[in-house]
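Letters A, B, ... mirror the listed sequences (proteins, then strands); counts begin at 1.
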Amino acid sequence: MTSTDTPAASGPDAAHRYTADLASDIEARWQDRWEAEGTFHAPNPVGDLARPGQGELPSEKQFILDMFPYPSGAGLHVGHPLGYIATDVVGRYKRMLGLNVLHALGYDAFGLPAEIYAVETGRHPRETTLENIGTMRQQLRRLGLAHDDRRSFATIDPGFVKWTQWIFLQIFNSWFDPELKKARPISELIEKLGTDDPSVIDEYRLAYIKDSPVNWCPGLGTVLANEEVTADGRSERGNFPVFKRNLRQWQMRITAYADRLLDDLDGLDWPEPVKLMQRNWIGRSHGASVVFDAGVAPIEVFTTRPDTLFGATYMVLSPEHPLVDTLTTAEQSAAVGAYRAQAASKSDVERQESREKTGVFTGAHATNPVNGQQIPIYVADYVLMGYGTGAIMAVPAHDERDWEFAQVFDLPTPRVISADRDGGGELPWTGAGVLVNSANDEVSLDGLEVEEAKERIIAWLESKGLGTGTTTYRLRDWLFSRQRYWGEPFPIVFDEDGRAIALPESMLPVDLPEVPDYSPRTFDADDTTSEPEPPLSRVQEWVNVELDLGDGLKKYRRETNTMPNWAGSSWYEIRYTDPHNDAALADPVNERYWLGPRNSGGGESDPGGTDLYVGGVEHAVLHLLYARFWHKVLFDLGHVSGSEPFRKLFNQGYIQAYAYTDERGAYVPAADVVEEAGADGVVTWTYEGKPVKREYGKMGKSLKNVVTPDEMYEAYGADTFRLYEMSMGPLDVSRPWETRAVVGSQRFLQRVWRLVVDEDSGVGSVSDELASDELRQALHKTIDAVRTEMDGMRFNTAIAKLIELTNQVTKAEMRPREVIEPLVLMLAPFAPHIAEELWSRLGHPETLAYQPFPTADPAFLVEESVTCVVQVQGKVRARLEVSPAVSEADLTALALAEPNVQRALDGKEPRRVIVRAPKLVNVVV
RNA sequence: GCCGGGUUGGCGAAACAGGUAUACGCAAUGGAUUCAAAAUCCAUCGUCCGAAAGGGCAUGCGGGUUCGAUUCCCGCACCCGGCACCA
């Protein structure tokens, strides 16, 4: 006999039990209602999203932003929504605090995976991308996120692309004024210089074309990122050879903003580790540029340690340095040529990771300007062309890498800094010390500390015209072009002289043309003379156009590169504020309302930006730096009102998972692995009776350990899933997913449900009687604690407090409305559907989304007694219940009277008694 | 190699400014209820000694500061993330 025959009057078949099915009903109903009523529509001050005639907007606002998703075809796993749930909790909470909350989600929809898929299947990336977005929207809608869906967009929407291209034109048509330290329209430069000669003006633009080294893979026909190149210099995909090659590329002059990007970090409410990573990435260092005479040509080097100049015993040029050919002597040219070819075939990764120092002598010498010594010039790949000048002076005694190189090539290593008064310190010595052996007829550094020596030698170099004090940055300009199809086309055409010309705003957006084939032209894998041919370059009727750009119809050729995936995400936060505006990025009034600086009324100036930005720490440098850079350019040009895009940043952790491999190393389905603890406590895992090994890491199809949100909706409902994700640990910490623990969150919601709804009858059980003093006090303490935890985004502990209160009410066998209603309201940010349903069953017809979050009455927070801990020698020996107002003397007497304290004292006299009334007494003997 | 973060019960974790280590949840064990099960409720639950009272040991390891350290300092091991031989 099965239980399906006749539903029992009670037990598992209780008609009104909060099961996954009931949860799903409730959730669907409220999601539909929120959508129909536009519950989460955030009004704008002006424009199509304004609510004219409905009074003033709330004086306070909250712009909450998620790092928007890339709509991959793989679908979501339970790790993806973590951040979206967290921001939703914040948004719902802030809304209940009376703020106007802007929260929406767009899609970062250009990108390589869609293009690769298009190459494989021949389907248009737009088609598959839109499908993926559709699937993702469905999965996310089931979560009940309180988004203003009118504000959603994808970066591939023509209305969005138009403004991405428009921003490019702003940047192209600007230059950086080093005096004002800000971007200005290029027209002002033309006026200032009194010329519009492109060969002069184009050198100043913030977006410019330059030959730049890239990883060219003829076999794939594309340029690869470093991470796509293996350590042995081949492509990860296809295993083709990869070559370093200079290509004509668009660059963005982000280096002009290095100082501001660095200095403005101080005003941001960001995690310190992220700020530190950006500081290191920008890498500002002060040093000197020094010119060495090498006979046929001067060589400029940058050094952060000009104080060690007297210890320079050789020079090194990077293999790509333009002077290598000029300097290399006839005898050495074969060796140098071979070395350079070998270096070109190595990946950056390999060059950086190899500990073995290699290099080759050029046959040439240079003169050390401080002592006239002739020092040999080498070429070596440990010197990089991208940093400083691509040439160094080598001081082996005081630099680890130079030391290693000098050991290999048996070069002299004279000491010029003594580590201590004994004149010692093991070489190489890179620490502090006093200069020695550093004097010529005109200048002496001997006896000086490093910093003083730097100043003096720079002054001397400057007086002799041999060098200057300089600041160098590690940051390089942003390589902005890609030889791909699925990206924003540049709003640029080239005239017959090959000069880049901006298209007028009226011609935006420049749409992608249809192409017969999404793949680039591939070449023979070893054909180093080949050049990328982007897919767009093959659409001749698109490339070659006749336009009137103000001086009559002329023939032009379009730019066939596209913008990188970063472009859209570098400004999308602005678009949420006014997503349908066709006349501007965003109306300045709307932009200022949501993103503008707060007028705090003096003191610190606020940089503006979103009130919260939540996403993974993997974007700590690139995305966050690019977005800050664009925002600053737009700020300088007057298009946005604040100097920073993201006022506060929060890095969420990752949900990870266990994966299991069998004896062949193949992954087995994690869901079917059986865990057993033996009698000795050793845990083993088996799959189909055979032992398997456990590893820990990401969730992924190939690891066979994916758990989807859909499975959780099915088994528990969205509220339980949301609650579980928020309760499993602190938001910023990574942790493993554990499906079997989810039931705890469901049980909690079921307990809350039963406080309001009788499982058998479905009738309400809440009483209007007043709560007991004890319960009322518990409620107010909970409110107080929950508010504190919510404000600090410590949702796991906030939930623990709610569970404690719920358990207490359950035990009290009495359901006072006075306690139940605030409990439901406090639960609402985490489990909004069940909270709405209970709120409605408690007799409130309107949504609780705008109900004020409960406030604690301080009168009920006063403790009547506290536990005092009595320690002897720091060990707890007794506990006392005392009044919070107890005096130190009384407390000491009470403590010493405790039998257990006396026993621990063992007749000894206390030497000292430390009293921290009313919480602690520590007796020291 | 460098930089950043971490290590607390069987598991996820808590401890706001140096003051009761292990809140809350999962798993486990025992009980009530049930014909039985599920669900629910009650109880136990770091470890060792002890009948109990109580005591010893416990926050990765070794030191230090302090009346008192998960918390601060020094050193070490291991794990995670990032990376750039950056002169």
Exercise for review: Anything under 30° is parallel, anything over 60° is perpendicular, the rest tilted; go ahead and classify Y382(A) against F405(A).
Suggested key: tilted

Revision key, fill the gap. A53(B) glycosidic conformation (syn if within 90° of 0, otherwise anti) is anti

Check your understanding: Has the side chain of R735(A) got a donor or acceptor that lies under 3.5 Å from a partner of the other kind on the base of G12(B)?
Key -> no

Review point. Quick one: is N280(A) getting a side-chain N or O under 4.0 Å of the C2(B) phosphate, OP1 or OP2?
Key: no

Exercise for review: Take atom P in G75(B) and the same atom in C24(B), then report the distance between them in whole Å.
Suggested key: 39 Å

**Study point:** Rounded distance in Å between the C1' positions of C74(B) and U22(B)
**Key:** 28 Å

Practice item. Using the six-membered ring wherever Trp is involved, compare the ring planes of W566(A) and H623(A) and label them parallel, tilted or perpendicular (cut-offs 30° and 60°). Key: parallel

Review point. Just checking L276(A): base, sugar-phosphate only, or nothing, at a heavy-atom cut-off of under 4.0 Å?
Key: sugar-phosphate

Practice item. Using a heavy-atom cut-off of under 4.0 Å over every strand shown, decide if S727(A) touches base, sugar-phosphate, or nothing. Key: nothing

Review point. What orientation do Y658(A) and Y660(A) show, parallel under 30°, tilted 30 to 60°, or perpendicular over 60°?
Key: tilted

Point to revise | Integer angstrom distance from the C1' of A28(B) to that of G1(B) | key: 47 Å

Practice item. With C1' as the reference atom in both, quote the distance from C45(B) to A39(B) in angstrom, rounded to an integer. Key: 23 Å

Check your understanding: To the nearest angstrom, how far is D402(A) atom CG from A87(B) atom C1'?
Key -> 7 Å

Check your understanding: For R877(A) and G55(B), is the shortest distance between a side-chain N/O and OP1 or OP2 below 4.0 Å?
Key -> yes

Exercise for review: Tell me what A741(A) touches on the nucleic acid: a base, only sugar-phosphate, or nothing, going by heavy atoms under 4.0 Å.
Suggested key: sugar-phosphate

Practice item. Answer yes or no: are there more than 12 heavy-atom neighbours, outside K919(A) itself, under 6.0 Å from its atom NZ? Key: no

Point to revise | Distance between P atoms of A77(B) and A87(B) (Å, rounded) | key: 26 Å

Review point. Under the rule syn = chi within 90° of 0, otherwise anti, which is G54(B)?
Key: anti

Practice item. Could you check how far CH2 of W281(A) sits from P of C86(B), rounded to whole Å? Key: 14 Å

Check your understanding: How far, in whole Å, is C42(B) from U47(B) if one measures between their C1' atoms?
Key -> 26 Å

Check your understanding: Mind checking whether F409(A) and Y314(A) have ring centres under 6.0 Å apart?
Key -> no

Practice item. Determine the interatomic distance between C1' on A13(B) and the same-named atom on C26(B); round to the nearest Å. Key: 11 Å

Practice item. Using whole Å, report how far OH of Y724(A) lies from C1' of C11(B). Key: 10 Å

Exercise for review: Can you tell me the distance, in whole Å, between the CE atom of M277(A) and the C1' atom of G81(B)?
Suggested key: 8 Å

Revision key, fill the gap. Between NZ of K919(A) and P of G18(B) the distance, given in whole Å, is 15 Å

Review point. When only distance counts, do a donor and an acceptor, one from the side chain of R305(A) and one from the base of A87(B), lie under 3.5 Å apart?
Key: no

**Study point:** Short side-chain N/O contact from R279(A) to OP1 or OP2 of G82(B), under 4.0 Å
**Key:** no

Review point. Across the strands shown, which category fits I803(A) at heavy-atom distances under 4.0 angstrom: base, sugar-phosphate, nothing?
Key: sugar-phosphate

Practice item. State which of G12(B), A14(B), U20(B) makes the closest approach to the side chain of Q871(A). Key: U20(B)

Exercise for review: May I ask you to say what R916(A) touches in the nucleic acid, namely base, sugar-phosphate or nothing, with a heavy-atom cut-off under 4.0 Å?
Suggested key: base

Review point. Does U40(B) pair with anything, Watson-Crick or G-U wobble, both distances under 3.5 Å, and if so, with which nucleotide?
Key: A32(B)

**Study point:** Centroid-centroid under 6.0 Å between Y724(A) and Y716(A) rings
**Key:** no

Check your understanding: Within the distance-only criterion (no hydrogens, no angle test), does the side chain of W753(A) pair as donor or acceptor with the backbone N or O of H16(A) below 3.5 angstrom?
Key -> yes

**Study point:** K875(A) side chain near G54(B) phosphate (N/O to OP1/OP2, under 4.0 Å)
**Key:** no

Check your understanding: How far, in whole Å, is A17(B) from C73(B) if one measures between their P atoms?
Key -> 14 Å

Review point. Looking for any heavy atom pair under 4.0 Å, which part of the strands does R911(A) touch: base, sugar-phosphate only, or nothing?
Key: nothing

Practice item. Quickly work out the D381(A) CG to C86(B) P distance and round it to whole Å. Key: 13 Å

Revision key, fill the gap. Side-chain contact check for R903(A): nearest option of G56(B), G54(B), C67(B) is G54(B)

**Study point:** Contact under 4.0 Å: S734(A) side-chain N or O vs G81(B) OP1/OP2
**Key:** no

Review point. In whole angstroms, how far is the P atom of C24(B) from the CZ atom of R751(A)?
Key: 11 Å

Point to revise | Nearest-angstrom distance from the residue atom CD of Q746(A) to P of A39(B) | key: 11 Å

Check your understanding: Heavy atoms, side chains only, cut-off 4.5 Å: are L723(A) and Q746(A) in contact?
Key -> no

Practice item. Look at all strands and tell whether S285(A) reaches a base, only sugar-phosphate, or nothing, counting heavy atoms closer than 4.0 Å. Key: sugar-phosphate

